[in-house]
Amino acid sequence: MENLNTFGRLLKSGKLIIATLLSLLVFISSCSKQETEIPTTGPILPPTVAPTFTASEATSAFNSFNMAYYSQNDKLYYSNTEKKDIGAIWTQAIYWDIVMDAYERTKDPVYLKMVTDMYDGGAKRYDNYNWSNSVTWFIYDDMMWWVMALTRAYEITKNPAYLEKAKTGFAFVWSGSYDPVKGGMFWDFKHSGKNACINYPTVIAAMRLYNVTKDETYLTKAKSIYSWSRENLFDISKGRVADHKIGDGNPGYEDYTYNQGTLIGAAILLYKNTNTQSYLDDAKLAANYTKATMSDAKGILPAEGDYNEQGVLKAIFAQYLVDLDQVFPAGDYKKWAVFNATSAWNNRDFSRGIMHRDYKNPCPTGVVQSYESSSAVAFMQLFAPTN
């Protein structure tokens, strides 16, 4: 009523035009303010000075991920928020990497305890890493993801048991997977094809083992598999990684971020040990293809994994993009990674603190998979500000 009286007085006094102009100015000012705020839904557009998550938010993201998915009894991660089933065997190695990321970032002893707990959880569930158990371990690449993670866990903890399991695992996979005639690694026991998901991880595992043992045979094997993979699974004109090659057929090109990421990781490890420029060039090509072709116009990575294990793929990509950024900071890959992580963080489920594989849209409020939530957590641990 007071507003109506005021409006009436303005009419009577002949000041309506002035009042209208003032209201319009207020409206314009209000709209301008809204446009500069970070939206909580929808894509986060890169402003002139990009907002970013904080180190404490990276910790909150990791803790929320654990609250939603980690099994204190099994010492492994559930497949989804219903907490009924443990996630797929190979994805546990990826989650273990994320735990190690969180520990290396924070040096929190609680997270170090999680590193050792997850080893114990895996040993209990997966026949004490008995690689010859063909029921537990039924695909070569599943084993190699664990060999990679076991070697890294040894680097952190210096527990010799971890290194021994990694060495025996690598030897077992090499003996059954490597093709001594035509080169490359088969992904399955039937030798139906040679996939990127076994070949590039083999290079990474071999190089990690070489770094801790100084056994030259690992370096030789890494170079051999990388050379085969570059010839058979990599389009060097584009930076695109093929998913697989079956027999003597053409490479099967399907774009997946984890294949792009493991090529980057393999190339950077070889570059750091040999100082051969072509390895670094390959890594840059793969990263740039992922950004320019696989991501959207704003640089947001694809939302892989329609309620399946592929939701974890970007977590793998994050692990190795950070390696490229460290040796080639001029590529500005950190800014790209932070933009993606910030987008996911601002679209999180605020009640549970978990994020989703689709960084551009709000996290669903119902059942969500750990696979889907994992990648943005990895990005935040690896690219968090240091203060």
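Because only heavy atoms are used, hydrogens play no part in the values below, and waters and symmetry mates are left out as well, while side chains stay in.
- Judged purely by atom type and a 3.5 angstrom limit, Thr213 uses its side chain to pair as donor or acceptor with the backbone of Asp215.
- Residues Asp296 and Lys360 are paired through a salt bridge, judged by an N-O separation under 4.0 Å between the basic side chain and the carboxylate.
- Counted by atom type alone, Ser375 and Tyr359 present one or more donor-acceptor pairs between their side chains at under 3.5 Å.
- Judged purely by distance below 3.5 Å, without hydrogens or angles, the side chains of Ser56 and Thr54 pair a donor atom with an acceptor atom.
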*Going through the distances and angles, do Asn80 and Val368 end up as a side-chain contact (heavy atoms from CB on, under 4.5 Å)?*
CA-CA 6 Å; Asn80 60 51; Val368 180; over 6 Å; no
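- Looking at residues two or more places apart in sequence or on another chain, you find no salt bridge (Lys or Arg N to Asp or Glu O under 4.0 Å) involving Lys214.
- Placement of Val173 and Phe186 in two distinct hydrophobic clusters is found when ILVMFWY residues are connected by side-chain heavy-atom separations under 4.5 Å, directly or transitively.
- With Ser64 contributing its side chain and Ala61 its backbone, the two residues share no donor-acceptor pair below 3.5 Å.
- Using the six-membered ring where Trp is involved, Tyr258 and Tyr256 have ring planes that are perpendicular, over 60° apart on the 30 and 60° scheme.
- Heavy-atom neighbours of Lys107 NZ from other residues, nucleotides or ligands within 6.0 Å: above the threshold of 12.
- Listed by chain and residue number, nothing satisfies the ring-ring contact (aromatic ring centres under 6.0 Å, His included) test with Tyr200 (two or more places apart in sequence, or in another chain).
- For the atom pair Cys197 SG and His244 NE2, the distance stands at 10.5 Å (nearest 0.5 Å).
- The cluster map of Ile, Leu, Val, Met, Phe, Trp and Tyr, joined by side-chain heavy atoms under 4.5 Å apart, puts Ile236 and Leu324 in the same cluster.
- Considering only residues two or more places apart in sequence or on other chains, Tyr218 meets the ring-ring contact (aromatic ring centres under 6.0 Å, His included) condition with Phe170.
- Geometrically, Lys221 engages Trp174 in a cation-pi contact, judged by NZ or CZ lying under 6.0 Å from the ring centre and within 45° of the ring axis.
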_Worked verdict on Tyr320 versus Ile204 for side-chain contact (heavy atoms from CB on, under 4.5 Å)_ = CA-CA 10 Å; Tyr320 303 109; Ile204 294 171; 3.8 Å; yes
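- Looking only at distances, a side-chain donor or acceptor of Asp188 sits under 3.5 Å from a matching main-chain atom of Ser192.
- Side-chain atoms of Gln319 and Asp101 include a donor-acceptor pair closer than 3.5 Å.
- In this structure, Met100 and Val115 approach most closely via the heavy-atom pair CG-CG2, 3.9 Å.
- A distance-only check finds a donor-acceptor pair linking the side chain of Arg352 to the backbone of Thr365 [under 3.5 Å].
- In plain terms, the two heavy atoms of Ser224 and Tyr178 that are nearest each other are OG-OH, 4.1 Å.
- The hydrophobic cluster containing Tyr253 does not contain Ile246, counting ILVMFWY residues as joined when their side-chain heavy atoms lie under 4.5 angstrom apart, directly or transitively.
- Follow the hydrophobic side-chain contacts under 4.5 Å out from Met67 and you never reach Met355; the two are in separate clusters.
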*For Trp336 and Thr290, what are the C-alpha separation, side-chain angles and deciding distance, and is it a side-chain contact (heavy atoms from CB on, under 4.5 Å)?*
CA-CA 11 Å; Trp336 175 37; Thr290 310; 4.1 Å; yes
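- For the atom pair CD1 (Ile86) and CG (Leu76), the distance works out to 5.5 Å, reported to the nearest 0.5 Å.
- A donor-acceptor pair shorter than 3.5 Å can be found between the side chains of Asp255 and Tyr289.
- For the pair Ser295 (side chain) and Ala292 (backbone), a donor-acceptor distance under 3.5 Å is absent.
- Residue pairs that meet the ring-ring contact (aromatic ring centres under 6.0 Å, His included) test with at least one member in residues 77-122, sequence neighbours left out, are Phe62-Tyr111, Phe65-Tyr77, Phe65-Tyr95, Tyr70-Tyr77, Tyr77-Tyr95, Trp90-Trp145, Trp96-Trp146, Tyr119-Tyr129, Tyr119-Tyr162.
- In this structure, Leu219 CG and Thr274 OG1 are separated by 8.0 Å, a value rounded to the nearest 0.5 Å.
- Side chains of Arg105 and Thr59: a donor on one and an acceptor on the other come within 3.5 Å.
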_Could you walk me through whether Asn199 and Tyr226 satisfy the side-chain hydrogen bond (donor to acceptor under 3.5 Å, both in side chains) test, starting with their C-alpha distance in whole Å, then the side-chain angles of each, then the deciding distance to 0.1 Å, before giving a yes or no?_
CA-CA 7 Å; Asn199 280 278; Tyr226 188 89; over 6 Å; no
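- The nearest pair of heavy atoms linking Gly176 to His191 is O-NE2, 2.7 Å.
- One finds a salt bridge joining Arg357 and Asp306 here, because a Lys/Arg side-chain nitrogen approaches an Asp/Glu carboxylate oxygen to under 4.0 Å.
- Under the 3.5 Å distance criterion, the side-chain polar atoms of Lys245 are matched with a main-chain donor or acceptor of Gly249.
- When all heavy atoms of Met380 and Ala341 are compared, the closest pair comes out as CG-CB, 3.9 Å.
- Not one N or O on the side chain of Trp345 forms a donor-acceptor pair closer than 3.5 Å with the backbone of Ala58.
- Other cluster members for Val367: Tyr307, joined by side-chain heavy-atom distances under 4.5 Å among Ile, Leu, Val, Met, Phe, Trp and Tyr.
- For Lys238, the NZ atom counts as loosely surrounded, since its 6.0 Å shell holds 12 or fewer non-hydrogen atoms of other residues, nucleotides or ligands.
- Side-chain atoms of Thr136 and Trp131 include no donor-acceptor pair closer than 3.5 Å.
- Asp349 and Ser351 are linked by a side-chain donor-acceptor pair at a separation below 3.5 angstrom, with hydrogens and angles left out of the test.
- To the nearest 0.5 angstrom, Met207 atom CE is 6.0 Å from Leu269 atom CG.
- Side-chain N or O atoms of Gln369 include none that pairs as donor or acceptor with a backbone N or O of Gly311 at under 3.5 Å.
- Side-chain contact of Asn347 with Asn361: a donor-acceptor pair under 3.5 Å is absent, judged by distance alone.
- No donor-acceptor distance shorter than 3.5 angstrom exists from the side chain of Ser373 to the backbone of Ser370, with no hydrogens or angles considered.
- With ring centers used as reference points, Phe189 lies under 6.0 Å from Tyr140.
- Heavy atoms from other residues, nucleotides or ligands lying under 6.0 Å from CD1 of Ile156 number more than 12.
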*Under the side-chain contact (heavy atoms from CB on, under 4.5 Å) rule, what do Tyr154 and Arg152 come out as? Steps first, then yes or no, please.*
CA-CA 5 Å; Tyr154 168 74; Arg152 184 182 176 193; over 6 Å; no
*Could you check Tyr333 against Asn288 for side-chain hydrogen bond (donor to acceptor under 3.5 Å, both in side chains), going step by step and ending with a plain yes or no?*
CA-CA 9 Å; Tyr333 299 114; Asn288 293 342; 3.0 Å; yes
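- A side-chain donor from one of Thr257 and Glu304 sits under 3.5 Å from a side-chain acceptor of the other.
- When the salt bridge (Lys or Arg N to Asp or Glu O under 4.0 Å) test is applied to Asp127, no partner is found at least two apart in sequence or on another chain.
- Interatomic distance, Met294 CE to Lys314 NZ, rounded to the nearest 0.5 Å: 9.5 Å.
- Residue-environment remark: CD (Glu231) stays at or below the threshold of 12 foreign heavy atoms within 6.0 Å.
- Between the CG atom in Asn195 and the CG atom in Asn259 there is a gap of 8.0 Å [rounded to 0.5 Å].
- Using a distance-only test at 3.5 Å, with no hydrogens or angles considered, no donor-acceptor pair links the side chain of Asp282 to the main chain of Leu263.
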